[in-house]
Amino acid sequence: MFYAWGTAVAGWGVLLVLLAGTTPPPFQLVAIFALLAVVTEWLMVPLPRGGFQSAGLTVAAAALLILGPVYTALVMAVGVIVGNGLLHRRPYLTTIFNSGQYILSLLLAGEVFIALDHQATRLGVSLFSGRIDLMFWAAFLGAVLTYVVTSSLFVSGMVARRGGAPFLTVFRANILWEIVNNLAFASLGLILALIYVRSLPVGAVILTLPLMLVGYILMLYTTREQAHRELEILDRI
């Protein structure tokens, strides 16, 4: 309980401080991203060693470039609370924890992006500077990997505490699934964001089709792995 509440309080505390000093993007744009966040956080599958994988990084990756890390953290936290907590009716403590770890992971991902791409200036504004070069790709990849690893560390700690399993065992079992799935979803979000800011032609939307297919297949495969593990446990019993 203390771990979950501590993560939530830390995440929301930092976010509220940053929001106070950030000029908000257009309300309509924030509302659209929040709605998309709810939908993608509702589309989740269980991971083999506990925890869940969602398609949320599709929205988060696009929002980082368009809204900036601060409002990305806000809309994704709202998405977790509504899509994951209310619609899936998951335990309130899990929902509160997930909102906090989402905030902290995304803000840290934003810091890494800014550290690698010096054209990005601060957390409160869009991370996309208007040009695409090697440093942009490095910064985007670094931000995605930072988010995936940080989020997995938080969630693995929660799963390990609840299930009594070794922390490293949980982390190692899930991290590969999360990296592969999230890279596909993040690439999808990146393409959509670049189309929105007109750095890619609208016709580039065709590139999202294989990424959507890969993400969908990976989520189905992850679900099957979880089902196999549950059957193995039942067989042992």
Side-chain angles (χ1 to χ4, degrees), residues 10-11 13-34 36-37 40 55-79 101-154 178-208 210-211 215:
V14 171
L15 181 60
L16 290 174
V17 171
L18 291 173
L19 284 170
T22 300
T23 302
F27 174 79
Q28 189 175 21
L29 188 60
V30 175
I32 290 172
F33 272 105
L36 292 173
T40 52
L57 199 55
T58 300
V59 177
L64 282 171
L65 299 179
I66 297 171
L67 299 179
V70 173
Y71 273 86
T72 297
L74 176 62
V75 298
M76 296 311 299
V78 171
Q101 68 89 6
Y102 231 135
I103 291 168
L104 294 173
S105 300
L106 285 169
L107 291 177
L108 183 58
E111 290 284 8
V112 169
F113 192 105
I114 292 170
L116 294 175
D117 186 352
H118 299 302
Q119 295 295 320
T121 55
R122 51 196 176 89
L123 294 175
V125 297
S126 168
L127 293 180
F128 184 63
S129 62
R131 56 114 180 92
I132 302 174
D133 57 14
L134 182 61
M135 293 311 300
F136 171 81
W137 293 114
F140 183 79
L141 179 61
V144 171
L145 292 177
T146 298
Y147 165 77
V148 173
V149 172
T150 305
S151 178
S152 186
L153 287 171
F154 275 119
E178 295 189 57
I179 288 176
V180 175
N181 283 17
N182 280 316
L183 281 175
F185 288 129
S187 299
L188 172 59
L190 171 63
I191 292 173
L192 294 175
L194 292 179
I195 291 174
Y196 176 82
V197 298
R198 300 181 181 179
S199 288
L200 285 178
V202 176
V205 73
I206 196 172
L207 298 175
T208 65
L211 291 171

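Quick note: residue numbers are just sequence positions, from 1.
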Side chain to side chain contact (heavy atoms under 4.5 Å, CB included) between Phe154 and Thr150, worked out: CA-CA 6 Å; Phe154 275 119; Thr150 305; 3.6 Å; yes

Distance from [X] atom [atom1] to [Y] atom [atom2], nearest 0.5 Å?
| X | Y | atom1 | atom2 | result |
| --- | --- | --- | --- | --- |
| Leu123 | Ile114 | CG | CD1 | 4.5 Å |
| Gln119 | Phe136 | CD | CZ | 12.0 Å |
| Gln101 | Ser152 | CD | OG | 9.5 Å |
| Phe113 | Leu108 | CZ | CG | 14.0 Å |

Under 3.5 Å, is there a donor-acceptor pair between the side chain of [X] and the main chain of [Y]?
| X | Y | value |
| --- | --- | --- |
| Thr22 | Leu18 | yes |
| Thr146 | Gly142 | yes |
| Ser151 | Val148 | no |

Side-chain touch Phe33/Leu29, heavy atoms, less than 4.5 angstrom: yes

In the structure I gave you, are the side-chain heavy atoms of Leu194 and Phe128 within less than 4.5 Å of one another anywhere? yes

Any chance you could lay out the side chain to side chain contact (heavy atoms under 4.5 Å, CB included) test for Leu141 and Leu183, step after step, and finish with the verdict? CA-CA 8 Å; Leu141 179 61; Leu183 281 175; 3.9 Å; yes

Kindly state each residue pair satisfying salt bridge (charged side-chain N to carboxylate O under 4.0 Å, His left out) with at least one member in residues 179-196, sequence neighbours excluded. none

Would you mind listing every salt bridge (charged side-chain N to carboxylate O under 4.0 Å, His left out) that reaches into residues 128-152, with sequence neighbours excluded? Asp117-Arg131, Arg131-Asp133

Check [X] against [Y] and note the closest heavy-atom contact, atom names and distance.
| X | Y | answer |
| --- | --- | --- |
| Val144 | Ala186 | CG2-CB, 3.7 Å |
| Gly110 | Leu127 | CA-CD1, 4.4 Å |
| Ile132 | Ser199 | CD1-CB, 3.9 Å |
| Pro69 | Leu107 | O-CD2, 3.9 Å |
| Ala62 | Ala193 | CA-CB, 3.8 Å |

What do the steps show when you test Ser126 against Leu67 for side chain to side chain contact (heavy atoms under 4.5 Å, CB included), and what is the final call? CA-CA 5 Å; Ser126 168; Leu67 299 179; over 6 Å; no

For the residue pair Tyr147 and Tyr102, categorise the inter-ring angle as parallel (less than 30°), tilted (30 to 60°) or perpendicular (more than 60°). parallel

My understanding is that only residues two or more places apart in sequence, or in another chain, count here; which of them pass side chain to side chain contact (heavy atoms under 4.5 Å, CB included) with [X]?
| X | result |
| --- | --- |
| Val17 | none |
| Ala60 | Leu57, Thr72, Met76, Leu106 |
| Leu19 | Leu15, Leu16, Val70, Tyr71, Leu74 |
| Ala34 | Val75 |

